[in-house]
Amino acid sequence: MTEPTLQRRFCVHGVAESASRAHVIEGVSFEDAALHFVGDHHPVANADEQVSLYVEDLETGERQCFRIDTETGETAPCG
């Protein structure tokens with residue numbers, strides 16, 4: 001039997017957006033929260049677009065930045 005994965009709460013918003021435009025997203029990791037945000041809240045004009053997001057763990061305050069390829073779903077740290 002597989003143990004359930006602990007969901008954490010993250011605050012996610014686009015790098016170019018104000019933090020006031022952030023959404024609270026539940027996920028198992030920073031990357032998971034970023035991908036859920038893109039799928040649920042980010043309008044994509046071009047399928048080959050890259051999106052840069054800040055993801056902050058609401059419990060610890062740790063913040064990470066990701067670039068997401070909206071065509072493949074691949075993530076990479078912001079440069």
Side-chain angles (χ1 to χ4, degrees):
M1 178 178 223
T2 305
E3 289 189 34
T5 305
L6 179 63
Q7 292 283 313
R8 294 161 43 194
R9 290 170 34 98
F10 297 91
C11 183
V12 184
H13 66 89
V15 168
E17 298 175 330
S18 166
S20 66
R21 306 241 332 143
H23 292 269
V24 174
I25 305 290
E26 290 190 0
V28 295
S29 68
F30 285 88
E31 288 180 331
D32 183 50
L35 290 170
H36 280 292
F37 176 82
V38 168
D40 295 343
H41 300 288
H42 194 278
V44 179
N46 296 319
D48 60 351
E49 179 180 336
Q50 282 196 349
V51 176
S52 294
L53 302 172
Y54 286 125
V55 182
E56 182 176 343
D57 185 313
L58 289 175
E59 185 175 323
T60 67
E62 180 182 353
R63 188 163 98 160
Q64 296 184 14
C65 183
F66 292 97
R67 281 189 333 266
I68 300 173
D69 183 314
T70 57
E71 184 175 6
T72 65
E74 291 183 36
T75 62
C78 293

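We number each residue from 1, following the sequence as shown. Every heavy atom of this structure was used, including side-chain atoms; hydrogens, water molecules and symmetry mates were not.
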Residues at least two apart in sequence or cross-chain that pass side chain to side chain donor-acceptor pair (under 3.5 Å) with Glu62, listed by chain then number, are Gln64

For Glu56, enumerate each residue passing the side chain to side chain donor-acceptor pair (under 3.5 Å) test, keeping only those at least two apart in sequence or located in another chain. none

Going from [atom1] on [X] to [atom2] on [Y], what distance comes out if it is rounded to the nearest 0.5 angstrom?
| X | Y | atom1 | atom2 | result |
| --- | --- | --- | --- | --- |
| His23 | His36 | NE2 | NE2 | 15.0 Å |
| Leu53 | Ile68 | CG | CD1 | 4.5 Å |
| Thr70 | Leu35 | OG1 | CG | 11.0 Å |
| Arg8 | Thr60 | CZ | OG1 | 6.5 Å |

Under the side-chain contact (heavy atoms from CB on, under 4.5 Å) test, which residues partner Arg67, sequence neighbours left out? Gln50, Ser52, Ala76, Cys78

State which residues pass side-chain contact (heavy atoms from CB on, under 4.5 Å) with Ser20; sequence neighbours excluded, sorted by chain then number.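 If we apply the side-chain contact (heavy atoms from CB on, under 4.5 Å) test to Ser20, skipping adjacent residues, the hits are Ser18.
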
Which pairs count as ring pair (Phe, Tyr, Trp, His ring centres under 6.0 Å) when at least one residue sits in residues 49-69, sequence neighbours excluded?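 The answer is His13-Tyr54.
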
With Asp32 via salt bridge (charged side-chain N to carboxylate O under 4.0 Å, His left out) - residues at least two apart: none

Identify the two heavy atoms, one from [X] and one from [Y], that lie closest to each other, and give their separation to 0.1 Å.
| X | Y | result |
| --- | --- | --- |
| Ile25 | Ala33 | CG2-O, 3.7 Å |
| Phe10 | Val55 | CD2-CG1, 3.7 Å |
| Val12 | Phe37 | CG1-CG, 3.5 Å |

